[in-house]
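Computed over heavy atoms, backbone and side chain alike; hydrogens, waters and symmetry mates excluded. Small disclaimer: the values here were computed from a predicted structure and weren't measured. In the text below, chain A, chain B and the rest are named by the order of the sequence lines, each starting its count at 1.
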Amino acid sequence: MIIWCKWMCSKKGTYEFNEIEKKWQHFWADNKTFRSEDCDTSRPKYYVLDMFPYPSGQGLHVGHPEGYTASDIVARYKRMKGFNVLHPFGWDAFGLPAEQYAVKTGTSPEITTRKNIDNMRRQTKSLGFSYDWDREVSTTDPHYYKWTQWIFLKLFNSYFDETENKAKPIERLPVPDGLSEEERRKYIDDNRLAYEAEVAVNWCPELGTVLANEEVVGGVSERGGHPVIRKPMRQWMLRITKYAERLIDDLAQVDWPYSIKKLQTDWVGKSIGADVDFKLTDFDETIRVFTTRPDTLFGATYMVLAPEHPLVDKITAPDKIHAVAEYRDQAARKSDLDRTDLAKDKTGQPLGAFAVNPVNDEKIPIWISDYVLISYGTGAIMAVPAHDDRDFEFATKFNLPIIPVVEPDDPEQAKLVRQVEICFTGDGKAINSAQFDGLPTQQFKENITKWLAERDQGSKSVNYKLRDWLFSRQRYWGEPFPILHTQDGRVIGLTEDDLPLELPHIENYKPTGTGEPPLANAAGWLEVTLPDGTKARRETNTMPQWAGSCWYYLRYLDPLNDRRAWNPEKEKYWMPVDLYIGGAEHAVLHLLYARFWHKFLYDLGYVTTAEPFKKLINQGMILGEDGQKMSKSRGNVINPDKVIADYGADSMRLYEMFMGPLEAMKPWSMQGVEGVHRFLQKLWRAVIDEETGLLDPAVRDVQADEPTLRLLNQTVKKVGDDIETFGFNTAISAMMILTNHLSRLDVKPKSVIEKLVLILAPLAPHIAEELWQRLGHDDTLAYEPWPAYDEQLIKEKEIELAVQVNGKIKDRIVVSADADEQQIKAEALANEKVAAAIAGKEPRKVIVIKSRLVNIVV
RNA sequence: GCCGAAGUGGCGGAAUUGGCAGACGCGCGGGAUUCAAAAUCCCGUCCUGGCAACAGGGUGAGGGUUCGAGUCCCUCCUUCGGCACCA
C-alpha cells in the first residue's frame with residue numbers, strides 16, 4: 001500500500017490542468033499580456049468583438065463560451081499573425097430580471113447586478129480568454145450611461161434632412177416664417193429624432209410596462225409570456241424610420257450571413273407602389289390609399305379604412321353610426337392576441353359612404369375593418385378582391401363584387417380567374433381595364449402611375465413596415481432620460497454638464513400599475529428648480545435595455561475617457577469592428593438598433609464608418625445531452641464550472657469547438673469532452689515524461705523525417721486556413737492526426753513539437769503556454785510568429801489514384817506526383833483488374849483527373 | 001400560409017466545392033499489459049452475403065443533367081429558425 005502510494009506520488013509530471021490553467025491565467029493578468037495599444041500604426045489592427053452578456057443570477061451557461069472561444073481563437077491567432085488586436089469584454093447589465101428580483105426581495109438591482117457580474121467575471125476568466133480587462137465596461141456604470149444619455153441628447157437635439165438623407169443639429173432646422181413662439185416650438189419638437197408621442201402601445205399589465213413590437217411574440221410578452229394589450233400612452237420614440245433606406249442599402253457593405261441580411265431587409269420591409277386619391281361622392285374629402293398594385297385599379301370594387309381612421313366619424317351615414325361605433329369599440333378592445341391568432345375570420349362594417357374610382361368613375365362603397373392597419377401606409381386601402389387574398393376573403397364573406405383585371409399566362413389558371421373561381425396575386429396581362437387592356441403588369445404599373453400623376457390623382461410612393469422605435473419603459477433599472485418637463489408644458493434636455501443623471505435610490509421598485517413608472521416615487525429626485533425659479537419635473541420613464549448595447553463597441557475604444565464618449569483618433573484607428581460573434585437571436589433587435597445609432601453618429605461626424613460591424617458570425621445553440629433545449633425544468637443543464645473543474649478550461653474550449661460547425665445547433669456530450677481531453681493528455685505525454693516531469697527523452701533536436709515534415713506542413717497550413725474560415729472542428733481534427741503520428745515516433749523532433757504547440761495555442765492556450773515553457777522558452781507564446789509552412793514540403797511524392805471503369809472503382813494505382821496524363825492513362829489501362837473489367841472492349845473515353853482518379857468509359 | 005437554413009454510420013460530424021463517401025472524435029467488438037481493474041497501447045467497426053479473396057447496395061424520397069452527383073436542376077417529405085392581415 002505504501003509502495004503503491006509512493007509510486008503514484010512519484011509521477012510528478014502528469015497533466016495537472018487545474019494548476020497549469022491557474023498559473024497562466026495569473027501570468028497573463030499580472031503581465032497584462034493582452035493589453036491593446038491604441039493607435040499603434042506599426043501593425044495592422046484587428047477588432048474582435050463578442051456580444052456582451054446580461055449578468056444573470058444563473059451565471060454562465062455552456063452556450064456563452066462557444067462564441068467567446070471562437071472569437072478568442074481568432075484574437076490569439078491574429079496576434080501571432082502580427083496584428084494589433086482589440087478584444088474587449090463587458091456587461092449589458094440593465095434589464096428586467098434584476099428589477100423583478102428587487103420587487104420580490106427589496107434588494108437593490110445595483111447589488112444584485114454587482115454580485116452577478118463578479119460571479120460571471122470569475123467564470124469568464126476561468127476559461128482563459130485573452131480579453132483586455134482594462135477595457136471592461138458595464139452599461140449600468142454612471143461613467144458609462146453618462147454617454148448613453150449623451151447620445152440620447154444628440155438624438156433629441158437633431159433632425160433629419162430629407163434632401164441630404166442625413167441627420168443634422170436641430171439648430172440648423174429650417175423653421176417656416178410667421179409662426180408663433182408656441183407653434184415654432186411645436187414644429188421643432190415634431191422634427192426631433194427623439195420625440196414624444198401619444199401612441200397605441202403594447203402594454204403588459206403583468207410586467208407593468210410597455211414593450212416594443214419586437215418584444216411581443218404572438219400577442220404575449222417575449223419574456224415571461226404575459227398577455228399584452230394595446231393602449232394609448234405618452235411615449236418616447238426614436239425616428240429609426242428615417243434610416244429605413246440606408247439600413248437596407250448599406251447591408252451591401254457588410255460581410256454578414258445572407259439569412260441575417262434577409263431578415264433585416266424583410267423587417268424594414270420596403271414596398272414600392274403608388275398613392276392613389278379617391279374622391280368621396282357626398283363630401284368634399286378624398287381618401288388616399290397606398291397600393292403596390294396600381295395596375296389593378298380597375299378591379300377596385302370597394303375601399304376599407306382602418307377602424308381608427310380619422311375620416312370615419314365624419315363620413316359615416318346616420319343609419320350606420322351605431323353599428324360602426326360598436327365595431328370600432330370592439331376593435332379597440334382587441335388585444336394583439338385576438339388580432340393575430342384568433343382573427344382568421346374577416347369582420348367589418350359598411351360606412352354607408354361612397355367613393356369614386358378615379359380610373360372609371362365607378363361608385364364604390366367604403367367599409368371599415370381591422371384587417372386594415374392604421375399604422376401602415378395611409379390606414380386605408382382600395383380593395384381588389386380578384387387579386388388580393390385578404391380582399392378576396394372579405395368580399396366573399398360580405399358579397400361584394402369581384403372583377404378580374406389581371407390574366408395569368410397559364411391558360412388553365414386564366415380560365416379560373418375569368419370565372420372568378422380563384423384569387424390570382426401574380427403578374428400577368430391586363431383585362432377589363434379599358435385602354436390599358438393587354439399591358440403586362442410591370443408596364444401597366446408604370447403607365448398608370450404616370451397617368452394618375454398627370455391628373456393629380458396619385459403618385460409613386462414607397463412604404464416601409466419598419467415603425468419608429470418605442471424607446472421608453474416604465475421601469476426603474478434602466479438609464480434615466482436626461483429630460484425635464486416644465487410647468488408650462490415644455491420639454492427640455494439637460495446639458496452635457498448635467499450628465500450623468502444618476503438613478504436615484506428608491507425603496508419601492510413596484511410599478512404603480514397605472515403606467516406611472518417607479519421613478520415617480522423618487523421624491524427628492526423628481527422635482528427640479530430651474531435657473532428662473534420655476535419648477536420642473538424629471539422624465540420618469542427609463543430607456544430600454546437595447547440603449548446601452550447600441551454603442552458599447554465604441555466605448556471599448558476609450559473606456560476611461562471622462563471628457564468624451566471616445567477619442568476620435570482612437571475611433572479612426574480601431575473602427576470598424578472586424579469580427580462580431582454572437583447569437584442569431586439578435587438578428588433584428590440589437591443589430592438593427594446598433595446600426596441605426598451608428599449611422600446617426602456617422603451623420604454628426606462622431607464615427608468615420610457607415611457600418612459598425614464588418615463581419616458577423618452567429619454561433620448556434622448548444623442543446624442538452626438529450627438533444628432538447630437546455631433548461632432547469634428539463635434537468636439537462638450543463639454547468640461550465642463543473643466541466644472546467646473535471647476536465648479543464650482547455651478541454652472545455654476544445655470540445656465546444658470540436659462539436660461541429662460554429663453556426664450549427666448541436667447537442668452536448670460529456671463523452672465528447674472526454675475525447676478531446678484524451679487528445680490533450682496524449683499530446684502532454686508525447687512531450688513530457690510523466691515520471692520525472694521533465695521533457696521526454698524522446699524529444700530531441702533532430703531533423704524530422706520526410707513523412708513527419710510533410711504532415712507537419714500540411715497541418716500548419718490546414719489549421720491556419722481553418723481558423724481563417726472558422727472551421728475549428730476540422731482544425732482540431734488535423735492536430736489530432738499530427739499528435740497521433742508523433743506519439744508513435746520513437747524520436748520526436750523538437751522543432752515539430754514546437755510548431756504543433758504554437759498552432760494549438762489559440763485553441764488551448766494554457767497547455768500550449770506550459771509546454772512552450774517546458775520546451776525551454778522564457779516568454780509567453782502569445783506574440784510568437786505564427787509558424788510558416790512550405791508548399792513544396794506539403795506535396796506528396798507519390799499519389800494513389802482510383803481507377804474506375806464506367807464510374808465504378810475497380811482498383812487503385814500509385815503513380816509519381818509529377819506523372820503526366822499519358823503516363824497515368826497507360827498505367828491505368830495496364831492494370832489487371834481494369835483489363836478484366838473492360839473485358840476486351842475498346843475504351844471510348846479515358847478521363848484523367850490528376851491527383852484524383854481515372855475513369856475509363858467503354 | 002410565406003421566407004430562410006438543414007437532412008450523411010449506433011452518435012457528434014468530415015469530404016480540396018462535380019472526382020476514392022464516412023476524415024477526426026465518441027460508442028462498440030477483439031487483443032496486449034495487469035494477480036485483477038482503471039489508465040494506456042494495438043487491431044477492427046456504413047449495410048447485406050461470404051471463413052476469406054470478393055460481390056452487391058448505400059448520403060431523407062422520387063426523377064433529371066453528367067464519363068462521374070452527398071455536392072448542380074425539378075417535384076415531394078421531415079426538422080429547425082424567422083415572419084405572419086404591412087395592401
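Side chain of A/K808, nearest nucleotide from B/A87, B/U40, B/G57: B/G57. Nearest nucleotide to the A/Y376 side chain, out of B/A23, B/C26, B/A87: B/A87.
Base-pairing analysis of RNA chain B finds the following stems of at least three consecutive Watson-Crick or G-U pairs, with both pairing distances under 3.5 Å: B:1-7 with B:77-83, B:10-12 with B:24-26, B:27-32 with B:40-45, B:46-49 with B:54-57, B:60-64 with B:72-76.
Annotated as anti: B/G27, whose glycosidic dihedral deviates from 0 by more than 90°. Under the 90° criterion around 0 for the glycosidic angle, B/U71 counts as anti.
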Tabulate atom names and distances for all N/O pairs under 3.5 angstrom spanning the protein and nucleotides 18-20 of chain B.
from, atom 1, to, atom 2, distance (Å)
B/C20, O2, A/R812, NE, 2.6
B/C20, O2, A/R812, NH2, 2.8
B/C20, N4, A/E800, O, 3.1

Distances for protein N/O vs nucleotides 42-44 of chain B N/O pairs under 3.5 angstrom?
from, atom 1, to, atom 2, distance (Å)
B/C42, OP1, A/R744, NH1, 3.1

Nucleotide N/O of nucleotides 52-55 of chain B paired with protein N/O under 3.5 Å:
none

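The residue among A/K465 and A/G807 whose nearest nucleotide of RNA chain B is located toward the 5' end is A/G807.
Going from atom CD of A/E674 over to atom C1' of B/A38 covers 12 Å, rounded to whole Å. One atom, CG of A/L373, and another, P of B/A84, lie 11 Å apart when rounded to the nearest Å. In this structure, the CG atom of A/L263 is 11 Å from the P atom of B/A84, given to the nearest Å. In this structure, CH2 of A/W267 is placed 10 Å from C1' of B/G82, rounded to the nearest angstrom. Going from atom NZ of A/K346 over to atom C1' of B/A87 covers 11 Å, rounded to whole Å. When rounded to the nearest whole Å, the span between CE of A/M735 and C1' of B/G25 equals 14 Å. Atom-to-atom, CG of A/D746 to C1' of B/C41 comes out at 14 Å; the value is rounded to the nearest Å. For A/E393 and B/C85, the CD to C1' distance is 9 Å, given to the nearest whole Å.
Relative ring orientation between A/Y371 and A/F394 is described as tilted, the plane-to-plane angle lying within the 30° to 60° band. The aromatic rings of A/W469 and A/Y593 sit parallel to each other, their planes meeting at less than 30°, with 60° as the upper class boundary.
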### Task
Just do the side-chain contact (heavy atoms from CB on, under 4.5 Å) check on A/L592 and A/L466 with the steps written out, would you?
CA-CA 11 Å; A/L592 198 70; A/L466 186 70; 4.0 Å; yes
### Task
Kindly determine whether A/H309 and A/I368 satisfy side-chain contact (heavy atoms from CB on, under 4.5 Å), including the steps that lead there.
CA-CA 9 Å; A/H309 197 284; A/I368 60 166; over 6 Å; no
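Looking only at atom types and distance, the side chain of A/E690 has no donor-acceptor partner in the side chain of A/Q681 under 3.5 Å away. Residues A/Y464 and A/T241 have side chains that never bring a donor and an acceptor to within less than 3.5 angstrom of each other. Side-chain contact annotation: A/K845 with A/N855, donor-acceptor N/O pair under 3.5 Å absent.
Residue A/I381 is classed as a base contact, given a heavy-atom separation below 4.0 Å to a base. Within the 4.0 angstrom heavy-atom criterion, only backbone atoms of the sugar-phosphate kind lie near A/T292; the bases stay farther away. Among the heavy atoms of the strands, none lies under 4.0 Å from A/K717.
Nucleotides B/G10 and B/G44 have their C1' atoms positioned 16 Å apart, rounded to a whole Å. Nucleotides B/C28 and B/A39 place their P atoms 11 Å apart, quoted to the nearest Å. B/G56 and B/G50 are spaced 12 Å apart, taking the C1' atom of each and rounding to whole Å. For the P atom pair drawn from B/G70 and B/A15, the interatomic distance equals 15 Å after rounding to whole Å. Taking atom P on both B/A69 and B/C20, the two are 11 Å apart, rounded to the nearest angstrom. B/C11 and B/G60 are spaced 13 Å apart, taking the P atom of each and rounding to whole Å. Atom P of B/C35 sits at a distance of 39 Å from the matching atom of B/U48, rounded to the whole Å. For the P atom pair drawn from B/G22 and B/C2, the interatomic distance equals 39 Å after rounding to whole Å.
Of the charged side-chain nitrogens involved, at least one lies within less than 4.0 Å of a carboxylate oxygen, so that A/R710 and A/E796 count as a salt-bridged pair.
Judged as a side chain to side chain donor-acceptor pair (under 3.5 Å), and not counting sequence neighbours, A/Q457 has no contacts. Here A/N463 pairs with nothing under the side chain to side chain donor-acceptor pair (under 3.5 Å) rule; sequence neighbours left out. The salt bridge (charged side-chain N to carboxylate O under 4.0 Å, His left out) check on A/K666 picks up A/E66, with sequence neighbours excluded. By the ring-ring contact (aromatic ring centres under 6.0 Å, His included) test, A/Y376 is found to be paired with no residue, residues two or more places apart in sequence or in another chain being considered.
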### Task
Scan nucleotides 4-14 of chain B nucleotide by nucleotide, 5' to 3', and note B when protein non-hydrogen atoms come under 4.0 Å of the base, S if they reach only the sugar-phosphate, - if neither.
S-------BSS
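The backbone N or O of A/F424 sits less than 3.5 Å from a side-chain atom of A/H387, completing a donor-acceptor pair.
Sorted by first then second residue, the salt bridge (Lys or Arg N to Asp or Glu O under 4.0 Å) pairs that include residues 291-302 of chain A, not counting sequence neighbours, are A/R293-A/D295. Counting only residues at least two apart or on different chains, no side chain to side chain donor-acceptor pair (under 3.5 Å) pair has a member in residues 616-625 of chain A.
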Can you list, pair by pair, the side-chain donor-acceptor contacts under 3.5 Å of residues 722-734 of chain A, counting residues two or more places apart and other chains?
from, atom 1, to, atom 2, distance (Å)
A/D722, OD1, A/K718, NZ, 3.4
A/D722, OD2, A/K718, NZ, 3.0
A/D722, OD2, A/T730, OG1, 2.9
A/D722, OD2, A/A731, N, 3.2
A/E724, OE2, A/Y77, OH, 2.8
A/T725, OG1, A/D721, O, 3.0
A/T725, OG1, A/D722, O, 3.4
A/T730, OG1, A/G727, O, 2.9

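Atom NZ of A/K460 has 12 or fewer heavy atoms from other residues, nucleotides or ligands within 6.0 Å. Atom NZ of A/K397 has more than 12 neighbouring heavy atoms from other residues, nucleotides or ligands inside a 6.0 Å radius.
Residue A/R678 has no polar side-chain atom (N or O) positioned under 4.0 Å from OP1 or OP2 of B/A39.
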